[in-house]
Amino acid sequence: MSVIEARGLTKKFGDFTAVDAISFEVAPGESFGLLGPNGAGKSTTMRMIGGTSLRTDGTLTVLGLDPETHGPEVRASLGVVPQQDSLDEELRARDNLIVYGRYFGLPMDYLKPKADELLEFAQLTEKANAKVSALSGGMKRRLTIARGLVNEPRILLLDEPTTGLDPQARHILWDRLFRLKEQGVTLVLTTHFMDEAEQLCDRLVVIDHGRIVAEGAPQALIRQYSTREVVEVRFGSARNAEMEGVLREMTDRIEVLPDRILLYDDAGEALLDEINRRGLNPLTSLVRRSSLEDVFLRLTGRSLID
Amino acid sequence: MSDTGVMAPIRERLGRRPAQFGGLYAGNARAVIERGFRVIRTQNWGVIATGFFEPVFYLLAMGMGMGALVGAVPGPDGQPISYAMYIAPALLATSAMNGAIYDSVNNVFFKLRYSKLYEGMLQTSLGPLDVALGEIFMALFRGLLYAIGFLAVITAMGLVTSWWALAMIPVALLIALGFASLGMAVTSFMKSFQQLDLVPVVLLPMFLLSATLFPITVYPEPLQWGIMALPLWHGVELMRQLSVGYFDGETLGHVAYFVVMSVIGITAASLRLRQLFLR
């Protein structure tokens, strides 16, 4: 049985269709990703799951309930980490956790030790009595994530959880999320970081202009929509266009981006050797394995992070 | 899967709620109120103090300053009273109005669109009605502090002459409830800060014209009827009557005006809750 089931889920703001009849299911304990560029409709979908945005059409159940008519009940089982930190600036760090727990109706004798535990988890123990405004961006992010765990949620909704975190903090967070997953927590996350999606998601949907354009496990999507390897070459902005014709004949598919050209080929090293043998002299070159970024480029013709 | 864990009893309680509460009300406005008191306890005394001083400054400037020029004016019962005595109850009514509007319009709008406070609250088991009730309660509590403070000041200055003046406190709350609930409904239609600027455009003339600083009898009769249709005039008249303990047939009418206004306001705000909090 799915913990989240969306059928033809649609959200319009006036004439603008933010989410356009998407359908998906999330299994218990699964780690599910919504991948797409800014404005694709990911955050709106997340908000509809929490019942804080009303859908225009379609059906949606979360743990068997409609979040629109059973919002408080559905959210009792959800942990929400929004894209923009919505911390209570008028309260101190530890009070943010306690007060948030009170909103769920949790008792103080549970919340006091829990708040300390979560501060520890977020590495903010020394900042327990700091004002929110005095915390750094990364600290606020960690506090927001800790806050989302105060009700021991069954489903954790993470809207771009690591945006704005430094690499070390991202890896710590990924580790914490893995542990939650091991405990059976279902993770639903949006991201436009490909490595994050590959690290964390069992399965994902790629969303563009409010529509699902592909669905599957990260590796399966890469196999389906891209080649095993990618050669990236740069000739400088003046020569990129000039090189396009030559390169296009050397492999099945190329993408010309403003700053570089991508060549899709299962044998990347051999292709690069050929480029060098012909004396095309790229300024820089590299061979890498295909990523979800390439899948996205293939499906939408655009790069994810613009 | 059996329901275990710390949220199990809460889920169970929420599951037993009447269906009509649905997505709107979780029966936990108390948590929002608790938050309000925690904020007051930790920092907000400065903000509260400014709201208290505003009517006091008006009273000193207009009542004492202007009053020296004006001399005695006829009170609610026709007996002459000092000009300060005349405007003090009106200032209390106005401050109840201003405080309520500030909380239910400017504050709610800011917390909704900019500080994201309500967004955070609504990611929990709270419903929009819990948030609205909690915030209206906090607005009334603040109004209560202002009313007590101002009443103490005018009593010390000898500007009230009746024990009925004590009733000015609950009446201030009733006025505040009427304006706060209607204000919240109005806020649900607001999209930008520019639209907030329209609020003083309505409130300031209402303050100046509602027989606060001079009797309504200075106007030609048609204009008097216009003023009497506005809520603040009823608040001002009611407060003035309480300050000297004089009542007539209109007293209950003034009370009824605010009861009806509150009922309409609460109904309108409830109907607009989805538009206000959920998009």
Side-chain angles (χ1 to χ4, degrees), chain A residues 1 3 11 13 28 44 46-48 50-54 63 65-82 84-92 95-96 98-108 110-111 114 129 131 144 147-148 150-154 157 184, chain B residues 1 3-17 19-44 47 110-112 114-131 134 274-275 277-279:
Chain A
M1 203 196 87
V3 290
K11 176 70 183 185
F13 295 102
T44 308
M46 292 291 241
R47 296 187 56 224
M48 286 193 282
T52 54
S53 181
L54 305 177
L63 296 163
L65 297 169
D66 181 344
E68 226 164 85
T69 56
H70 294 77
E73 230 171 318
V74 166
R75 292 193 292 274
S77 310
L78 295 185
V80 180
V81 179
Q84 282 181 311
D85 296 326
S86 58
L87 292 167
D88 195 329
E89 301 267 345
E90 293 178 284
L91 296 174
R92 291 165 194 280
D95 286 350
N96 254 280
I98 289 177
V99 167
Y100 198 75
R102 295 296 285 165
Y103 296 157
F104 282 102
L106 289 164
M108 280 307 259
Y110 162 82
L111 285 170
K114 186 71 183 177
N129 288 315
K131 285 183 177 171
T144 303
R147 196 184 64 166
V150 77
N151 61 325
E152 299 184 346
R154 293 169 172 183
L157 304 179
Chain B
M1 187 167 73
D3 194 358
T4 54
V6 66
M7 288 300 290
I10 295 166
R11 273 191 285 263
E12 206 249 337
R13 182 182 65 77
L14 290 169
R16 284 197 319 259
R17 286 174 310 147
Q20 66 267 27
F21 287 163
L24 291 180
Y25 184 56
N28 192 18
R30 186 178 30 132
V32 179
I33 294 166
E34 253 182 62
R35 184 251 167 209
F37 281 115
R38 207 177 271 260
V39 170
I40 290 175
R41 212 163 58 215
T42 50
Q43 46 177 261
N44 247 0
V47 178
F110 178 79
K111 289 174 178 176
L112 205 57
Y114 293 90
S115 81
K116 305 274 174 196
L117 178 70
Y118 298 147
E119 187 180 312
M121 287 181 174
L122 291 169
Q123 282 152 6
T124 71
S125 282
L126 293 175
L129 188 56
D130 299 277
V131 177
R274 286 172 187 275
Q275 287 81 356
F277 291 107
L278 313 173
R279 277 167 296 145

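Below, chain A is the first sequence line, B the second, and so on; all start at residue 1.
To the nearest 0.5 Å, atoms CD (A:E90) and CG (B:L117) are separated by 7.0 Å. Atom NZ of residue B:K111 and atom CD of residue A:E89 lie 13.0 Å apart, to the nearest 0.5 angstrom. Here the straight-line distance linking atom CG of B:L126 with atom CZ of A:F104 works out to 8.5 Å at 0.5 Å rounding. From B:L24, atom CG reaches atom CD of A:E68 across 10.5 Å, with rounding to the nearest 0.5 Å. A:R75 CZ to B:R11 CZ: the interatomic distance, rounded to the nearest 0.5 Å, is 14.0 Å. If you take OH on A:Y103 and CD on B:E34, they are separated by 9.5 Å, rounding to the nearest 0.5 Å.
At a threshold of 4.5 Å between non-hydrogen side-chain atoms, the residues B:V39 and A:L91 count as touching. Under the 4.5 Å side-chain criterion, counting only non-hydrogen atoms from C-beta, B:R38 is in contact with A:I98. Looking at A:Q84 and B:K116, their side chains come closer than 4.5 Å, going by heavy atoms from C-beta outward.
In terms of non-hydrogen atom pairs under 4.5 Å with chain B, the most contact-rich of A:L65, A:L87, A:V99, A:L106 is A:L106. Heavy-atom pairs under 4.5 Å with chain A peak, among B:M121, B:R13, B:E119, at B:M121. Each of A:N151, A:L78, A:V150 has some count of heavy-atom pairs under 4.5 Å with chain B, and the biggest count is that of A:N151. Among the candidates B:L122, B:N28, B:V6, the residue making the largest number of heavy-atom pairs closer than 4.5 Å to chain A is B:V6. For the set B:S115, B:G15, B:A26, B:G127, the entry with the most heavy-atom pairs within less than 4.5 Å of chain A is B:G15. Most heavy-atom pairs under 4.5 Å with chain B, from the set A:L54, A:D85, A:T44: that is A:L54.
Of the atoms belonging to A:Y110, it is side-chain heavy atoms, and not backbone ones, that fall under 4.5 Å from chain B. Residue A:T69 touches chain B through its backbone alone, counting heavy-atom pairs closer than 4.5 Å. Only the side chain of B:I10 comes within less than 4.5 Å of a heavy atom in chain A; its backbone stays farther off. The part of A:K11 that comes within reach of chain B is its side chain, from C-beta onward, which places non-hydrogen atoms under 4.5 angstrom from that chain. Residue B:R17 touches chain A through its side chain alone, counting heavy-atom pairs closer than 4.5 Å. For A:L157, no part lies under 4.5 angstrom from a heavy atom of chain B. Proximity to chain A (any heavy atom under 4.5 Å) is shown, for B:Q123, by both the backbone and the side chain. A:S77 touches chain B through backbone and side chain together, each having a heavy atom under 4.5 Å away.
Nearest heavy-atom pair across A:S86 and B:G120 is OG-CA, 3.6 Å.
With a 6.0 Å radius and a threshold of 12 heavy atoms from other residues, nucleotides or ligands, B:Q275 has its CD atom above the threshold.
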